[in-house]
Amino acid sequence: MIVTAKHVSLGYGLVLMLCAGTPYMFGMFNNKLHYEYGLSQTQTLLIETSVQVGLFSGILQGIFFDRFGPRHEALLAAGLVFLGYLGSYLLLTSSASAALLALCFYLIGQGSHGLYTVAAMTNVPNFLPAQQGTVMGLLAGAFGLSAALFASVENAIDGAAATVSACDRNSTAGNSTAVETEHSGAGFFLLCSLLFGAVGLGAAVAVRRVPLPGRSAPLASKEDALSLEGLGGDFILVPTEEPSHAETRLDSYSNEGADDVFMDSPKSSVVGVSDSIDRSPGPAATADEDDKTALIAPEEESPSHAPGPARLQPGAIDITGTALLRTANFWLLFVALAIDDGSAVMFLNAIQSMRGAAGDASTDPGGTALVAVFSFCNAGGRVLWGLLSDRSGLQRVTVLLITIVGMMTGHIMLILLPAQLMLACVLIGTFFGGLIAIAPVMVSDLFGYRYYGTNWGFIVLAPATGSVLFGFLYGAVFDLHATHIGDCLTCHGVECYRPVFYVTTALLAVAAAVTVVLARRIRS
């Protein structure tokens, strides 16, 4: 195989993903924050969740990426990860402020999102649509593998101490068994600040867009989009040059339930809008008035627009902003991701807490091992489900539904066998990987390439929202079952966390139902 610029870019994108995935290992610091700083479980999880909120808050960075390109986004991400990790290092080696630590964790998440954006939003469009699921699966696999890799690095640098905190001294008086807590990981944070900052700077040179031969650039300008957003009715921009498109009169067309869509086309005209709109010929319109009402008939498929999501070539439509927010498909995908991703992130952040509450040595393989197993399964799932979406003949939305149902089985298992955390890591990690592999490609399929970074920034608000809400849920349930021992709040037993999974299982069933509705809309 000839190595081309897009392969070099993809290779460096894998390195970026390895650096961007470290927020998924921050659950390892749960006990440290809980015991050393005397925080409640709710406070601890909210500090840990701040890195996930940063990771999934990407609208501004998406707009920045679309406006200035991958080079400037890489420089921005390098600065954010450097500052976030360096600030965390300084706080963890001094009298740390919980609020400032949460801020630094948020900066780490934002920088990691920038690295992810550069790797995914640049490399996926460099390949043909039939290859994009595989490419995204590889990138997402590297992202998922990051936690296992750097959990081992953190353990090698800072080790693990068998110490007894003030809380545990009170709860284990007369018991000679020490309770394991983690070091602050200060050395690890210093390493990450230097390493990830340097990798981000290198991305400004190595990662680039490589246009595919024959791919036309999106011609609908931002000004055109803004001028159409205020029309109020549903509309579709449809090519008027191609004789293969079926033509029909405007009054015979029913666009009931249609979404507001801009279709990438050399020459387009607006249909499905008020007759009061000025339809005078312009540079993007033909002189023939009948051509201005040309439509793609619902029963027919144009040879130039091969079947894909909603019978359009992936990336053939380009919408963003208020037009994006008015589409039902956006909100269906948003709700599904908020529940699925949010519940998985909650589980990952709470692994250490659940391990301590379960307290059975036979089912307590250690925090690093749990994080590593989750990470390996997550990485493998991302590659597996990405390949499946490209080569199985299944629509990507169907693969997404399978992963949601699989996630639900993991949560049901935690209800029935709440102490089997290792098995839960395998199930939830594997199916969670599929979600992350499929979602970015679905965004480009449904909403186009032109505003890919911005639209992904909108979509990833879903996991940010879900992780915060589920974090509150877990913390509230854990603290409700906890007891005060002196000045400390501790909880022992699986009932500290099992009730949470009754709620998450029910909500995952809702996410599955929402995905079924999305699948029907895409196929209709």
Side-chain angles (χ1 to χ4, degrees), residues 1-25 51 54-55 58 60-89 104 106-127 135-154 156-157 187-211 375 379 382-383 436 440 452-453 456-457 460:
M1 181 186 72
I2 299 176
V3 177
T4 63
K6 70 178 182 181
H7 295 106
V8 173
S9 178
L10 177 60
Y12 203 92
L14 294 172
V15 176
L16 285 179
M17 287 296 199
L18 281 174
C19 297
T22 50
Y24 280 175
M25 62 165 283
V51 73
L55 182 63
L60 294 180
Q61 289 205 55
I63 294 172
F64 186 88
F65 175 86
D66 288 337
R67 174 66 179 83
F68 297 104
R71 176 175 298 179
H72 291 86
E73 176 65 20
L75 295 175
L76 175 63
L80 289 172
V81 291
F82 176 78
L83 291 175
Y85 278 107
L86 182 61
S88 298
Y89 166 75
C104 288
Y106 176 80
L107 292 178
I108 291 171
Q110 279 282 280
S112 298
H113 178 90
L115 298 178
Y116 183 104
T117 297
V118 172
M121 306 302 114
T122 304
N123 284 295
V124 170
N126 285 349
F127 290 82
V135 170
M136 190 63 231
L138 290 172
L139 291 168
F143 184 87
L145 192 62
S146 174
L149 173 63
F150 285 100
S152 300
V153 171
E154 191 277 337
I157 293 175
F188 171 76
F189 281 89
L190 178 60
L191 171 66
C192 290
S193 69
L194 300 175
L195 176 62
F196 297 169
V199 170
L201 292 176
V205 178
V207 180
R208 63 172 67 182
R209 287 168 169 161
V210 183
S375 179
R382 294 174 190 227
V383 176
I436 303 301
Y452 197 1
W456 179 244
V460 294

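As the structure is a prediction and not an experimental result, all values here were calculated from the model.
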Measure the [atom1]-[atom2] distance between [X] and [Y] for me, rounded to the nearest 0.5 Å.
X    : Y    : atom1 : atom2 : answer
L145 : M17  : CG    : CE    : 12.5 Å
R382 : M136 : CZ    : CE    : 8.0 Å
L76  : F68  : CG    : CZ    : 10.5 Å
L55  : Q110 : CG    : CD    : 9.0 Å
F189 : T22  : CZ    : OG1   : 8.5 Å
L194 : Y89  : CG    : OH    : 10.0 Å

Heavy-atom pair of closest approach, residues [X] and [Y]:
X    : Y    : result
A151 : M25  : N-SD, 3.8 Å
G453 : F65  : CA-CD2, 4.1 Å
E73  : G114 : OE2-CA, 3.2 Å
V51  : P23  : CG2-CB, 3.7 Å
A78  : G197 : CB-O, 3.5 Å
A77  : G111 : CB-O, 3.6 Å

Pairing residues for [X] by the side-chain hydrogen bond (donor to acceptor under 3.5 Å, both in side chains) criterion, not counting sequence neighbours:
X    : answer
S193 : none
Y452 : none
S88  : none

Just wondering, do [Y] and [X] contact through their side chains at under 4.5 Å, heavy atoms?
X   : Y    : result
I63 : D66  : no
V81 : L115 : yes
L80 : Q61  : yes

| Passing candidate, ring-ring contact (aromatic ring centres under 6.0 Å, His included) with F196, options Y85, F82, F188 |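 Considering Y85, F82, F188, a ring-ring contact (aromatic ring centres under 6.0 Å, His included) with F196 is found only for Y85.
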Expected output: side-chain [X] to main-chain [Y] donor-acceptor under 3.5 Å:
X    : Y    : answer
R209 : T122 : no
S146 : L18  : yes
N123 : Y12  : no
H72  : G69  : no

| task | Let me know which of V135, L10, V210, T4 forms a side chain to side chain contact (heavy atoms under 4.5 Å, CB included) with N126. | result |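 By the side chain to side chain contact (heavy atoms under 4.5 Å, CB included) criterion, N126 pairs with just one of V135, L10, V210, T4: V210.
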| query | Angle class for the H113/Y116 ring planes (parallel below 30°, perpendicular above 60°, tilted otherwise)? | reply |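 It falls in the parallel class, under 30°.
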